[in-house]
2 protein chains.
Amino acid sequence: MSTLKDIAKEVGVSVATVSYVLNNSGSVGEDVKKQVLAAAKRLDYRPNRRAQAMRTGVSQSIGLVLPDLTNPFFPELAQSVENEARKRGLAVVLVDSQNNADAETQGLAILQQHGVDGIIWCPVDDQVIQKATPLNCPIVLIDRPSQGFDVVHSNYRLGGALAAEHAIAQGHTHVGILCGPRNIDSAEQRRMGFCERAAGKLTIAWEIEVPYATSLNNDAFSALSSGKASLVFAADDLIAIGAINYLNDKGIKVPDDISIIGFDNIPWAELVRPKLTTISQPITDIGRASVDVLLQKLQNPAKVACAIVLDVKLIERDSVAHRRTTV
Amino acid sequence: MSTLKDIAKEVGVSVATVSYVLNNSGSVGEDVKKQVLAAAKRLDYRPNRRAQAMRTGVSQSIGLVLPDLTNPFFPELAQSVENEARKRGLAVVLVDSQNNADAETQGLAILQQHGVDGIIWCPVDDQVIQKATPLNCPIVLIDRPSQGFDVVHSNYRLGGALAAEHAIAQGHTHVGILCGPRNIDSAEQRRMGFCERAAGKLTIAWEIEVPYATSLNNDAFSALSSGKASLVFAADDLIAIGAINYLNDKGIKVPDDISIIGFDNIPWAELVRPKLTTISQPITDIGRASVDVLLQKLQNPAKVACAIVLDVKLIERDSVAHRRTTV
DNA sequence: GCCAAAAGATTAAACGATTAAGCTTTATCA
DNA sequence: TGATAAAGCTTAATCGTTTAATCTTTTGGC
């Protein structure tokens, strides 16, 4: 890799002059400017970002800290963040904590040592955000709001409401909820949104808490096969797919015997049979928005923290049936 | 963030001394050593990696260049690489080229500017590897072998053979192949492995080339519904799932009417119904092996290029039926 | 023709680390 | 005792940039 020095030697000027023309600053004669530009191209000069970072304090890189790439919500997010960042010439340093707080801490330390300019972070849990302060660099949270931090997430409450509305519109009266971890805000919001809109119109036959995964627990199984609900609202698509598969294996037909609504609209939703009716999160927009916000914060560190809440929408597919009669 | 200088001032010695104790080099008195270590802990000192990189030329970071995180093969790989790298204190800079050669080039340029120590790379296509040389840093290829480069991939030929063997063992005689892009080596190897082992035992009723995706083309559709094959070998699970879904939608039963074998054993394979019988790639091992090889190359740049070929295995699930009679 | 200002270039310090070389002080040994 | 070595520490250069400060030359105005 050629350096400023190489160009300077080639043209016969000082490195400062070369730096000035490459940055369009200082005052340099047209003639020299042309020569420098030509030499830079000829030598295929690329600025050494770490030297720049050293001097200016900005590294042109951001950190992306995710809990689990294996959860199909995140690859799309990562892709979106990476793309948006690359468009702006930023490098993305990836950390996948595998849902482990210690790993996350270690990952954050690495980001800090490398001096990323800012971090886009979906923390493994809510408590762990305390570790953010000593990081001492702008942070944008994904999905998990926290006092004093910028955050971008979907309108989960609206999503829950949309699901309830759909259930009502399709003539269901008795529903079950497979809700996610109650201590995770984004899961709780979905539940609340659903319940609020359901109030007075839907009777909630049962409500079971399960982890975000396709493997459900026995409580969920017995609730699903109890026949008390004609529709179940799952806190995310993974859970919904887990439910569909369980019911399928049991010989209970979806949606004829029981309807399922998911949440997230992960790619699998369209691949599973029946195709999953679900609430779609604008994952790509979330990624884009989060780097936007981060960049704003970088330009103006005094910026007051804000929440960006993106609309969700119902994607009707084949896992919800219309009901004439009540259960 | 505190620096060597801060520690030096605190203890009252020179930065050189501090550096020596922190690196266990030079000769420093026990007393000073203790004081420095204590001060370092007290001030929560973390080495500034970019300054280290500046001076030593090694940045403690690697690049990971992937064609598409949305393809379910890659998230697991990325996770594995990140984890293995983090264990060793390395940062991972992610590039997702979205199957676009220009984006990939841009991503590689960013990696270069940031001075990653090496790159783990699954190129969007075979030609594009030419761009590697000017990068001038160790590269380990994933999945796509190329003259003079280290590479790690699965034993695709074996995988194809395993699939053929299974077809034979289950009594099939007429099979179809949904093969991946012929210009991609890893796809071609699967096909060849299958055909070699099939020779003389299986008659290949048809062979259709499709892209790595769940959306199949019309040629594939008509072949699938032609009834000429009782089993089809799909070049990857995405294709297999596309086939299953098409057949399902058509009312053709899998595996009763037609059996399907996939390749990759992506997470979806277990979620789709019928559960997919497939050839499993050891994705996590591939990730681990690739950072291993990269690190070897870093320690010894003269290391001769090698290929690491990892065994695959057949995962029997529900998409292949046993046949008594021939078609 | 002279002075001030602008234009065009250079010098040198700084960012935070590493490390060869140099300088003291103390210990070793004939 | 005096030379030599070892131990313990500091100085200063260096990596590739940026940028304030400085210097020199040209230009313009009166």
> Provide, to the nearest angstrom, the distance between the CD atom belonging to A:Gln52 and the C1' atom belonging to D:dC15.
14 Å
> Partners of B:Asp44 by salt bridge (charged side-chain N to carboxylate O under 4.0 Å, His left out), sequence neighbours excluded?
B:Arg46
> Tell me the salt bridge (Lys or Arg N to Asp or Glu O under 4.0 Å) pairs involving residues 65-83 of chain A, sequence neighbours left out?
A:Glu82-A:Arg86
> Do any of residues 38-48 of chain A sit with a heavy atom less than 4.0 Å from DNA chain D, and if so which?
A:Tyr45, A:Arg46, A:Pro47, A:Asn48
> Do A:Val152 and A:Val140 have side chains that approach each other closer than 4.5 Å (heavy atoms only, starting at C-beta)?
yes
> Output a table of nitrogen or oxygen pairs between the protein and nucleotides 7-11 of chain D separated by less than 3.5 Å.
{"from": "D:dG8", "atom 1": "N7", "to": "B:Ser27", "atom 2": "OG", "distance (Å)": "3.3"}
{"from": "D:dC9", "atom 1": "OP2", "to": "B:Gly29", "atom 2": "N", "distance (Å)": "2.5"}
{"from": "D:dT10", "atom 1": "OP1", "to": "B:Ser14", "atom 2": "N", "distance (Å)": "3.3"}
{"from": "D:dT10", "atom 1": "OP2", "to": "B:Ser14", "atom 2": "N", "distance (Å)": "2.8"}
{"from": "D:dT10", "atom 1": "OP2", "to": "B:Ser14", "atom 2": "OG", "distance (Å)": "2.9"}
{"from": "D:dT10", "atom 1": "OP2", "to": "B:Thr17", "atom 2": "OG1", "distance (Å)": "2.5"}

> Using whole Å, report how far CZ of B:Arg50 lies from P of C:dA14.
18 Å
> Under the side chain to side chain donor-acceptor pair (under 3.5 Å) rule, what pairs show up with a residue in residues 15-26 of chain A, not counting sequence neighbours?
A:Ser14-A:Thr17, A:Ser19-A:Asn23
> If I take atom CZ in residue B:Arg49 and atom C1' in nucleotide D:dG16, what distance separates them, rounded to the nearest angstrom?
20 Å
> Over how many whole Å does the gap from A:Asp31 atom CG to D:dT26 atom P extend?
15 Å
> Could you name each residue pair satisfying salt bridge (Lys or Arg N to Asp or Glu O under 4.0 Å) that touches residues 283-296 of chain A, not counting sequence neighbours?
A:Arg88-A:Asp292, A:Asp285-A:Arg288
> Applying salt bridge (charged side-chain N to carboxylate O under 4.0 Å, His left out), name anything that partners A:Lys87, two or more places apart in sequence or on another chain.
A:Glu84
> In whole Å, what is the span from the CG atom of B:Leu4 to the C1' atom of C:dC15?
12 Å
> Base, sugar-phosphate or nothing for A:Thr56? Non-hydrogen atoms, less than 4.0 Å.
sugar-phosphate
> Grab the CG-P distance between B:Leu22 and C:dT19 for me, whole Å please.
13 Å
> Under the rule for salt bridge (charged side-chain N to carboxylate O under 4.0 Å, His left out), what residues qualify as partners of B:Lys303, not counting sequence neighbours?
B:Asp150
> Using a 3.5 Å distance criterion without hydrogens, assess whether the side chain of B:Asp264 forms a donor-acceptor pair with backbone atoms of B:Ile266.
no
> Contact class for A:Thr3 vs. all strands (heavy atom < 4.0 Å): base, sugar-phosphate, or nothing?
sugar-phosphate
> In terms of the nearest nucleotide of DNA chain C, which residue is placed more toward the 5' end: B:Ser25 or B:Met54?
B:Met54
> Give a yes/no answer on whether the side chain of A:Lys5 brings an N or O atom under 4.0 Å of OP1 or OP2 in D:dC15.
yes
> Can you measure B:Ile7 atom CD1 to C:dA17 atom P for me and round it to whole angstrom units?
8 Å
> So which pairs with a foot in residues 4-18 of chain B pass salt bridge (Lys or Arg N to Asp or Glu O under 4.0 Å), sequence neighbours left out?
B:Glu10-B:Arg42
